[in-house]
Number of protein chains: 2
Amino acid sequence: MNDRKRNVIEKAHELFIEKGFHATSIQDILDYSGISKGTFYNYFISKNELLMEIFRAAFRKMEMARDALLLGQDAGDPEVFMKQIEQQMTANRENKIIPLFEEVYFSGDNELKQFIEIGQMKILRWFSDRLANITDDHCSPYLLDAAIMLNAMLIQYVRFYRKAYGNSVSMLPVVRYSVNRILNLMEEVTLSQEQLLSPELLDVWLPVSNREALDWRSKIHSVISRLKKLDCKNKVHLQKLTFLEEELRSKEPRKFLIDSIVFSMSADFNRETHELQALIDEHLLEKA
Amino acid sequence: MNDRKRNVIEKAHELFIEKGFHATSIQDILDYSGISKGTFYNYFISKNELLMEIFRAAFRKMEMARDALLLGQDAGDPEVFMKQIEQQMTANRENKIIPLFEEVYFSGDNELKQFIEIGQMKILRWFSDRLANITDDHCSPYLLDAAIMLNAMLIQYVRFYRKAYGNSVSMLPVVRYSVNRILNLMEEVTLSQEQLLSPELLDVWLPVSNREALDWRSKIHSVISRLKKLDCKNKVHLQKLTFLEEELRSKEPRKFLIDSIVFSMSADFNRETHELQALIDEHLLEKA
DNA sequence: ACCTTTTTTGGAACGTTAGTATAAATAAAT
DNA sequence: ATTTATTTATACTAACGTTCCAAAAAAGGT
């Protein structure tokens with residue numbers, strides 16, 4: 001992706017955070033980011049498409065940050081889960097993702113709607129997976145119900161808790177309270193065997209293709225971000241990794257390029273590059 | 001209110017249900033309801049104002065229907081509560097209230113936003129009051145938490161349950177499940193004394209003025225609807241009651257008119273009219 | 001350095017929207 | 001019958017997202 005384009009995305013995001021999506025006109029974006037109308041419509045098919053790019057970028061970041069919190073931790077520890085959720089919530093607030101979501105979700109554009117819906121399903125899936133880590137195997141038939149209710153609680157409590165205690169209050173008490181409620185509730189429904197929605201529905205709602213595609217990519221990205229941290233002052237190193245991220249994001253990543261870059265780093269970071277190479281070899285096909 | 005105006009409101013609501021708020025242009029409404037643009041802006045300050053009138057009308061209807069279900073029933077019976085909720089949900093679906101809500105809530109107009117927010121607070125208040133009927137007194141510190149969580153669950157489950165089983169499926173299982181979860185949860189937090197939000201916040205959020213104004217009016221309306229049922233074939237009787245509803249809805253109800261109509265019915269319905277007269281005398285001031 | 005191709009520019013123009021203004025026509029009230 | 005209020009029809013404004021395009025600038029190739 002172009003640096004210029006990325007700058008437009010960032011600047012537009014700032015404006016959207018400040019004034020909202022609808023209240024920010026294309027002209028505002030042009031003025032603020034210093035490009036012309038023609039270029040804008042070269043980069044983005046429409047204003048909606050720009051918003052989707054913002055969402056994509058924000059999602060990637062948040063998912064990576066969330067998964068990074070799990071590294072080296074006990075996946076079965078509820079405390080880790082809570083920390084992850086809290087972090088998501090603060091990131092959400094900073095990016096104003098949810099308000100932007102909501103502002104746009106109900107305004108007719110079907111493509112945008114579907115895009116957001118997939119995002120929500122991914123959140124449900126993540127809740128469900130993480131709850132599975134924490135709870136007993138007997139609870140598995142009730143994972144979707146639990147994920148839905150946890151999601152519901154968090155969304156609503158954000159509203160009201162902020163309304164009560166101000167916008168910048170920590171959400172940790174809410175998260176702790178909600179997760180505790182859900183864990184208790186899961187025990188209860190496991191005993192009484194009450195199920196509303198089967199967890200298998202999630203596989204229907206979130207097509208596997210969609211899921212897997214992101215799954216290994218997000219793994220790769222988490223390795224890359226780890227690598228970035230390992231030598232964050234080396235400019236060439238960072239350039240390489242940023243290029244890798246770019247290339248992996250494209251429709252047809254050129255494997256030979258990726259291979260050589262990974263190879264060029266293997267001397268310094270043997271362990272990580274090995275992991276990276278394995279992931280790439282497994283999922284990325286040589287272009288014919 | 002004008003019959004002509006009411007017709008516009010109904011026709012516009014039909015269009016909104018069919019195509020959504022934003023996708024319905026003023027011109028569509030003019031064509032479909034057979035009035036001119038000038039008249040439209042005589043009746044309504046703006047398109048948003050029209051939507052608010054639609055909401056108001058729908059709310060009144062739904063509140064009355066909901067309260068009617070309670071008449072002569074045991075307020076402490078969870079089953080009655082569940083029936084009420086289910087009825088609200090089907091009414092919501094028929095009027096597409098929630099989608100319209102959401103479509104409009106995030107589109108900048110602050111007046112509309114505030115209006116909707118008050119509506120949501122009223123729902124929370126109602127949940128809270130009804131849960132108080134059902135549960136033990138010790139649970140009272142946890143009523144707001146419970147109301148918020150119940151609301152959250154219902155909203156989210158509507159989405160996913162309909163997604164799973166189609167749009168016209170009965171919501172009763174969802175309601176039963178959710179209410180049961182909440183009741184269990186209230187027991188639990190009463191024991192552990194975990195509170196996130198104090199019920200007193202509700203009094204802050206929903207200004208008393210706003211609340212009381214609707215409170216006695218809704219009581220009056222529930223008496224009127226009872227009276228309507230008592231002799232639903234008598235046209236004059238119904239005309240009188242409908243007129244009463246109209247007059248009570250206006251800014252300055254003419255007490256002398258209301259008094260005489262109520263008096264004219266007292267021969268046939270002594271008990272009910274007495275109740276009605278008491279409510280009116282208590283809350284309605286003679287115009288100077 | 002020169003030519004070619006790509007990208008960028010910025011303004012004009014289009015279609016659609018909510019809302020305003022207004023003069024003429026119609027209906028209601030006195 | 002005359003006044004008053006309401007309704008109609010139409011033209012108009014301002015804003016918006018989007019399209020189009022010719023000219024300018026930048027990048028790339030030789």
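Proteins come first, then strands; the chains are lettered A, B, ... in the order of their sequence lines, and each starts at number 1. Just so we're clear, the structure is a prediction, and the values are computed from it rather than from any experiment.
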Taking salt bridge (Lys or Arg N to Asp or Glu O under 4.0 Å) as the test, write out the residues that go with A/K61, two or more places apart.
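Testing A/K61 for salt bridge (Lys or Arg N to Asp or Glu O under 4.0 Å), a comparison that skips the adjacent residues, returns none.
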Side chains of B/Q277 and B/D259: any donor to acceptor distance under 3.5 Å?
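On atom types as modelled, these side chains qualify, holding a pair under 3.5 Å.
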Pair A/S25, A/D28: side-chain N/O donor-acceptor within cut-off below 3.5 Å
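Present: a donor and an acceptor within the cut-off.
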Enter the distance from B/Q156:CD to A/I155:CD1 here, rounded to the nearest 0.5 Å.
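One gets 4.5 Å once the value is rounded to the nearest 0.5 Å.
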Out of curiosity, B/R93 CZ to B/S168 OG, how far, rounded to the nearest 0.5 Å?
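One gets 6.5 Å once the value is rounded to the nearest 0.5 Å.
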Please enumerate all protein N or O atoms sitting under 3.5 Å from an N or O of nucleotides 4-7 of chain D, with distances to 0.1 Å.
from, atom 1, to, atom 2, distance (Å)
D/dT7, OP1, B/Y43, OH, 3.1
D/dT7, O3', B/R4, NH2, 3.1

Is any NZ, NE, NH1 or NH2 atom of the basic residue among A/E18 and A/K96 found under 4.0 Å from an Asp or Glu carboxylate oxygen of the other?
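Judged by the 4.0 Å cut-off on N to carboxylate O distance, A/E18 and A/K96 do not form a salt bridge.
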Does the pair A/K5/A/E53 count as a salt bridge with the N-to-O cut at 4.0 Å?
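Here A/K5 pairs with A/E53 in a salt bridge, since their nearest N and O are under 4.0 Å apart.
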Would B/K47 and B/F21 count as a cation-pi pair here, with the cationic atom under 6.0 angstrom from the ring centre and within 45° of the axis?
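Relative to the ring axis of B/F21, which defines the angle, B/K47 lies inside both limits.
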Just to verify, what does B/Y43 make a ring-ring contact (aromatic ring centres under 6.0 Å, His included) with, not counting sequence neighbours?
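Counting only residues at least two positions away or on another chain, B/Y43 forms no ring-ring contact (aromatic ring centres under 6.0 Å, His included).
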Any residue meeting ring-ring contact (aromatic ring centres under 6.0 Å, His included) with B/F115, in chain and number order, not counting sequence neighbours
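For B/F115, no residue satisfies ring-ring contact (aromatic ring centres under 6.0 Å, His included) once neighbours in sequence are set aside.
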What is the 5' to 3' range of DNA chain C, first to last nucleotide, that sits under 4.0 Å from any heavy atom of chain B?
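Reading along DNA chain C, I get C/dA18 to C/dT20.
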Provide a list of protein-nucleic acid N or O atom pairs under 3.5 angstrom, restricted to nucleotides 14-18 of chain D.
from, atom 1, to, atom 2, distance (Å)
D/dG17, OP1, A/K47, NZ, 2.8
D/dG17, OP2, A/I26, N, 3.1
D/dT18, OP2, A/Y41, OH, 3.0
D/dT18, OP2, A/K47, N, 3.0
D/dT18, O5', A/Y41, OH, 3.4
D/dT18, O4, A/K37, NZ, 3.0

